[in-house]
Amino acid sequence: MKDKNDQVVARLNKLERIREMGLNPYPHKFELCHDSAALLAEKDKLLESEESISFAGRIVRYNRKGKMCFMHLKDQHGRLQVVAAASLVSPEDYEVVKILDIGDWIGVRGSMFTTRKGEYSVKVLGLEMLSKAVRPLPIPKEKIDEQGNRVIFDEFKDVETRYRQRYLDLVLNDDVRDVFYKRSRIVQTIREYLLAQNYLEVETPTLQPVYGGANARPFSTHHNAADMTLYLRVANELYLKRCIVGGLDRVFEFTKNFRNEGMDRTHSPEFSSIEFYEAYADYNDMMVHFENIWEKACVAANGSTKIEYQSQEIDFKAPWPRLTVYEAIKKYADLEVESMNDDEIRAELDKRNVELEGEWMRGRAILELFEVTCEHHLIQPTFIIDFPKESTPLCKEHRENPDLVEQFEPYVNGWEVGNAYSELNDPLRQRELLEEQLERGRGGEDETHPMDENFLHAIECGMPPTGGVGIGIDRMIMLLTNQQTIRDVQLFPLMKPEHSETSAAE
RNA sequence: GGGCCAGUAGCUCAGUGGUAGAGCAACGCCCUUUUAAGGCGUGGGUCGAAGGUUCAAGUCCUUCCUGGCUCACCA
């Protein structure tokens, strides 16, 4: 084993002693009748009846006072004290008690009682080693000082160590664990909402011969047997639309998407999203689903439609206000962008030091203007709707204004948290727009959509009117759990290998 | 990619050119109602890596590695 130190050696010696006692330090199973939550829920009854119970967990506190030992066992719901007294267990069991370490997993049998200091505890009558830990667990301790402040000693907080050894982060930091419990509840809420709306959950390819569905640079990889280049999906949009063509009228999919771009507080190379598509619906219908989902998810995680994100109160109560891109620019920059000519728009961008790459396009310039002047104002949930037609090649023209498309992007806390359209289902128009993307790619833009003949073929076979939505799950979790970086809502965020790991792999 | 900052014992940290330290954790002994339990004692270090300056480097210089914040890029 690597990195042996004195503490590891001490534990390995204890492991050997357990084996010498004829015990298996890594048994196959333990029958437990209660977890910590159940023991707490049935407290009165269990104290009254003194019936026998079994309970298991990881030792997170160990305080031996001679022939009596107080420990806290932690399971997934919380921690509970167990008290082992030499007078109540077999001599063999107490020999085991004496060489237990913080970090070990044990199972105990006994009954519930209350200590003299009033702590609800398990009175141990028998115990079993379930797994001997051979590395020490860092032990944060806390006390309340004279001023009543909570003081934490040895807090496990180094960010790099926390991410690299997330298992310890989860054991030692309850608030970290809570984020992932909430994450699960939020995802479950979304799934239940869509299932209740008669949606079908489907799965589409992660490895794709042609990537598409978003403006993004992909990761590429190689399939050896087929000798072909494959891309990790940047979005699942084009496959879900094929499902709609196939007559699956309402489909959704949770996916990991992969984008080969920068990493920062709100961007990770792999991130989770949900997309859902509904036949016969338009973007107005999808906005209703969207705000419903967020409101329900917020309540599921926080018990209320209101949250405080970094001391900013945000209320997800539906319905959310809707503002067109033009209205937003008018409101926040006081510019009547619709009646301005190209030179006037260019002047406004220059004033804000924004440069456009590639060929000049009025719609993209308006979009840039929106981003620099409006985004940071959009703190409370708001739907920004009716985007310039150049912003996406997959959306249907606006029914009243041919310069626009029926797209909405919801904003919260200044972040774009989703993207949705009345989906384009005119196959000839779709081909034109994808061909235009190819041209734009040749003109210098580096995140244009590639041509996807198979997708076009599907649309040519007839797609009904459809509304579609994509939601960035990670940013949603960040907001609803009050986390500042995307890495705090992903269990195992990407880290570069440590130096020693690299050399070991070679 | 640019700027700023950090890396010392298992954990949290001090050490500002002169013998590597503290608390907790570990090890040994004592202790039957503890709550950061306590008492006595002991051990534990490639100071992120490499090079340089110096009589002398954890400390100063250079390069590199890893990470954080931030700007740029990017949904």
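Letters A, B, ... mirror the listed sequences (proteins, then strands); counts begin at 1.
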Using atom [atom1] of each nucleotide, how far apart are [N] and [M] to the nearest Å?
N: B/C74; M: B/U66; atom1: C1'; answer: 24 Å
N: B/A50; M: B/A14; atom1: C1'; answer: 27 Å
N: B/A25; M: B/U62; atom1: C1'; answer: 38 Å
N: B/C5; M: B/G48; atom1: C1'; answer: 15 Å
N: B/C40; M: B/C55; atom1: C1'; answer: 43 Å
N: B/A6; M: B/C60; atom1: P; answer: 10 Å
N: B/G45; M: B/G10; atom1: P; answer: 9 Å

- Evaluate the ring planes of A/Trp320 and A/Phe316, with Trp represented by its six-membered ring, and classify them as parallel (under 30°), tilted (30 to 60°) or perpendicular (over 60°). tilted

Quickly work out the [X] [atom1] to [N] [atom2] distance and round it to whole Å.
X: A/Met68; N: B/U32; atom1: CE; atom2: P; result: 10 Å
X: A/Leu100; N: B/A25; atom1: CG; atom2: C1'; result: 16 Å
X: A/Lys123; N: B/U32; atom1: NZ; atom2: C1'; result: 13 Å
X: A/Glu261; N: B/A72; atom1: CD; atom2: P; result: 16 Å
X: A/Met263; N: B/G1; atom1: CE; atom2: C1'; result: 15 Å
X: A/Lys65; N: B/U33; atom1: NZ; atom2: P; result: 6 Å
X: A/Leu73; N: B/U35; atom1: CG; atom2: C1'; result: 15 Å
X: A/Lys496; N: B/G68; atom1: NZ; atom2: C1'; result: 13 Å

Distance-only polar pair, side chains of [X] and [Y], donor-acceptor under 3.5 Å:
X: A/Thr466; Y: A/Glu423; answer: no
X: A/Thr204; Y: A/Glu253; answer: yes
X: A/Tyr411; Y: A/Glu375; answer: yes
X: A/Ser121; Y: A/Gln81; answer: yes
X: A/Gln76; Y: A/Asp35; answer: no
X: A/His289; Y: A/Glu278; answer: yes

- Message: So for A/Gln81 and B/U34, does any side-chain atom that can act as donor or acceptor lie under 3.5 Å from a complementary atom in the base?
- Response: yes

Under 4.0 Å, heavy atoms only, any strand: does [X] hit a base, just the sugar-phosphate, or nothing?
X: A/Arg265; result: sugar-phosphate
X: A/Thr485; result: sugar-phosphate
X: A/Arg487; result: sugar-phosphate
X: A/Arg61; result: base

Mind running a 4.0 Å heavy-atom check of [range] against RNA chain B and sending the residues that fall below it, in number order?
range: residues 106-118 of chain A; answer: A/Thr115, A/Arg116, A/Lys117
range: residues 362-377 of chain A; answer: A/Glu371, A/Glu375
range: residues 12-20 of chain A; answer: A/Lys14

- Query: Closest to the A/Ser87 side chain: B/G67, B/U33, B/U32?
  - Reply: B/U32

- Query: Which of these nucleotides, B/U35, B/C27, B/C74, is closest to any side-chain atom of A/Glu119?
  - Reply: B/U35

- Item | Where protein sits on nucleotides 6-12 of chain B, one letter per nucleotide: B base, S sugar-phosphate only, - none, heavy atoms under 4.0 Å | ----BBS

- Note on the structure: Residues passing the salt bridge (charged side-chain N to carboxylate O under 4.0 Å, His left out) test with A/Glu390, sequence neighbours excluded, are none

- Under a 4.5 Å cut-off applied to non-hydrogen side-chain atoms, are A/Val171 and A/Leu137 in contact? yes

- Is there any ring pair (Phe, Tyr, Trp, His ring centres under 6.0 Å) pair reaching into residues 57-116 of chain A, and which pairs are they, with sequence neighbours excluded? none

- Message: Within 45 degrees of the ring normal and closer than 6.0 Å to the centroid, is that where the cationic atom of A/Lys241 sits relative to A/Phe455?
- Response: no

- Message: At less than 4.0 Å, is any side-chain N or O atom of A/Lys141 found next to OP1 or OP2 of B/A25? Yes or no.
- Response: yes

